[in-house]
Amino acid sequence: MAEQPTSIDITSLVKRHGATLAVDHVSLTVQRGEFFSLLGPSGAGKSSVLRMIAGFEAPDEGTIRIEGRSMEGVPPNRRPVNLVFQSYALFPHLTVAENVSFGPRMQGVPQGEIASRVRASLDMVKLSSKEERLPSQLSGGEQQRVALARALVNRPAVLLLDEPLSALDQQLRQEMQVELKSIQERAGCTFVCVTHHQEEALTMSDRVAVMQQGRVLQIGCPQDVYESPNSIFVARFIGVSNELRGIVRRIEGKRAVLQAQDFPGEVQILLPDGTTLHEGNVATILLRPERLRLSTSAQSLSGEQSLAGSVEKVLYSGSDRRYLVRCGERLVWNVRVPNDESGRNGLQRGDAVHVRWQISDAVVLSE
Ligand code: ADP
């Protein structure tokens, strides 16, 4: 079988800043043409990894290979990468076209080639009609696209983006998430993006590496990290997660019966393939808000599990309603119901309800 073309290969990367272990043995591989995001809270080590790929910082340990070449000792300007800064760093007194042609001109690229490259990269970001404008005559999203064109004009194998959308307001940010992914597809090069914004990472990326305290906790496609988080940290960081922790009382074939900590009564869990739980183990089940349903009847269908509770709050958010349901003294679950359905069942604060889910929809983590 032919090997997948690898764009970036990072092995056991370590970076210390004094006593801080900013990057703690990170290994990952990015495929050519992939949109890959490093996602995690502030201080997780994402920018440190990006700066080491760019060559602005040297690793203390580990190796980085780009397009098959070791980057050890290779200065930033000799690497096949370009970094797009958060602030865009456009020259205010130069037009869009002049901003984009600045890099190739400095590198002594022939005039005729500069013109065709500038045209191609402005086409890629859909700014050809605004090439004579100054940055101050552009919107925030357009300035961002000039910054991208200015990087793409150098034809890097890898484009590095550090919180690329953080300067934009919410609506523009959402539009640019889609746009950035399209630009990446048109440019055909590898994008590595640092973000602390989970929705942004899920929308744009082919794969995501979730980082915390210098370590990579999970790497996967957006659906994998959202639907099959491998830890409570990942589950909580990527969206809202309802949790129920308890002790395994019995194993019955492919099911386990959990005595919940915060809820009187037993909860059945389906053991995912490869999971080995034993009596006495502590396990946590995780359920996403949209996997839950609410009903007023106590009757469960087969393959379903439920908790009884009462509606504490109803939060209307346009497309759906979020119900906060108190199921125990310390247990409030978040249930999301699309509005066409919630309009019909019309539950109110104080109503007694049953929160239901398919046993197979619960993610089981054991300690
Ligand atoms: P992120 O990009 O995920 O916010 P960083 O890579 O910027 O994380 O930082 C990781 C850790 O390293 C943090 O604890 C940060 O304070 C520390 N750090 C980063 N750069 C430096 C530096 N130049 N000097 C000292 N500490 C640093």
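Every number for a ligand or one of its atoms is a count from 1 in the order of the listing. When a residue number appears, it is its place in the shown sequence, counting from 1.
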Visitor: Looking at Glu252 and Arg250, is there a salt bridge between them, counting it only when a charged N and a carboxylate O are closer than 4.0 Å?
Guide: yes

Visitor: Under 6.0 Å from the ring centre and within 45 degrees of the ring axis: does the NZ or CZ of Arg150 meet both conditions for the six-membered ring of Phe102?
Guide: no

Visitor: Would you mind listing every side chain to side chain donor-acceptor pair (under 3.5 Å) that reaches into residues 103-114, with sequence neighbours excluded?
Guide: Ser101-Arg105, Glu113-Arg117

Visitor: Given 3.5 Å as the limit, does a donor-acceptor pair link the side chain of Glu200 with the main chain of Gln177, or not?
Guide: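 Looks like no, no N/O pair under 3.5 Å.
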
Visitor: Can a side-chain donor-acceptor contact be found between Arg322 and Ser317 if the only test is distance below 3.5 angstrom?
Guide: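 No, Arg322 and Ser317 have no side-chain donor paired with an acceptor closer than 3.5 Å.
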
Visitor: Write none if no such pair exists; otherwise list each N/O atom of ligand 1 with its protein N/O partner under 3.5 Å and the distance.
Guide:
| unit_1 | atom_1 | unit_2 | atom_2 | d |
| --- | --- | --- | --- | --- |
| ligand 1 | 2 (O) | Ser47 | N | 2.8 |
| ligand 1 | 2 (O) | Ser47 | OG | 2.7 |
| ligand 1 | 3 (O) | Ala44 | N | 2.9 |
| ligand 1 | 3 (O) | Gly45 | N | 2.9 |
| ligand 1 | 3 (O) | Lys46 | N | 3.0 |
| ligand 1 | 3 (O) | Lys46 | NZ | 2.8 |
| ligand 1 | 4 (O) | Gly43 | N | 2.7 |
| ligand 1 | 6 (O) | Ser48 | N | 2.9 |
| ligand 1 | 6 (O) | Ser48 | OG | 2.6 |
| ligand 1 | 8 (O) | Gly45 | N | 3.1 |
| ligand 1 | 20 (N) | His17 | NE2 | 3.3 |

Visitor: For Glu163 versus His196, what's the shortest heavy-atom pair and its separation?
Guide: OE2-ND1, 2.9 Å

